[in-house]
Amino acid sequence: MIDYGITACAFETEELRRQLSAFFDSSFLGQKVGNYKFGVYAFYDYEREPIYIGQTKESLRTRIRRHLTNRRTDAVAMSVLDPMEVYEIEVWPLPQYTTLSKDERKTASLHLDAL
């Protein structure tokens, strides 16, 4: 029987998900990194050059996982970001926006845009 690497591919996907979960579950200022609703993130390639910088208002966990584990983002669909080129991720959670009223969301959005 010829092994076409399907098992290796599944392992790599499972390992990616495992490491993402471990990262998102790590603590930053008493809260899990992935649970911060507002934040900025950057993806770097294997030469440690930035290849994509984004922001989120939904949670770092949800947004970054969407980029890397499926094709439901504009950046991936428009071929701006190839998840297979991502070597490293850097995130900047914005803890000051953990709890916001509807009026304060505009301020948080303006801050994200400025970053």
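Residue numbers run from 1 in the order of the sequence given.
- Scanning all heavy atoms of the two residues, the minimum distance from Pro95 to Leu29 falls at CG-CD1, 3.6 Å.
- The closest donor-acceptor contact from the side chain of Ser26 to the backbone of Phe23 lies under 3.5 Å.
- A donor-acceptor contact closer than 3.5 angstrom is absent between the side chains of Tyr41 and Glu90.
- By the 30° and 60° cut-offs, the orientation of the rings of Tyr46 relative to Tyr87 is tilted.
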Worksheet item: Stepwise, does the salt bridge (charged side-chain N to carboxylate O under 4.0 Å, His left out) test hold for Lys37 with Glu58?
Response: CA-CA 5 Å; Lys37 188 166 184 156; Glu58 59 183 329; over 6 Å; no

Item to complete: Dump the intermediate steps for side-chain contact (heavy atoms from CB on, under 4.5 Å) on Leu20 and Ile89, then the final yes or no.
Response: CA-CA 10 Å; Leu20 278 174; Ile89 304 167; 4.0 Å; yes

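- Across all their heavy atoms, Ile53 and Ala42 have their closest contact at CG1-CB, 4.0 Å.
- The shortest distance between side-chain heavy atoms of Lys57 and Ser109 falls below 4.5 Å.
- The closest side-chain heavy-atom distance from Ser59 to Asn35 is not below 4.5 Å.
- Within the 4.5 Å cutoff, the side chain of Ile51 has heavy atoms near those of the Val86 side chain.
- Across all non-hydrogen atoms, the minimal contact from Lys32 to Phe24 is CB-O, 3.5 Å.
- The two residues Phe28 and Val33 come nearest to each other via the heavy atoms CB-CG2, 3.8 Å.
- Aromatic pair His111/Phe38: ring centres not closer than 6.0 Å.
- Residues Thr56 and Leu112 approach most closely at O-CD1, 3.4 Å, considering heavy atoms.
- Within the 4.5 Å cutoff, the side chain of Tyr36 has no heavy atoms near those of the Arg61 side chain.
- A distance of 5.5 Å separates CD1 of Ile64 from CZ of Phe43, quoted to the nearest 0.5 Å.
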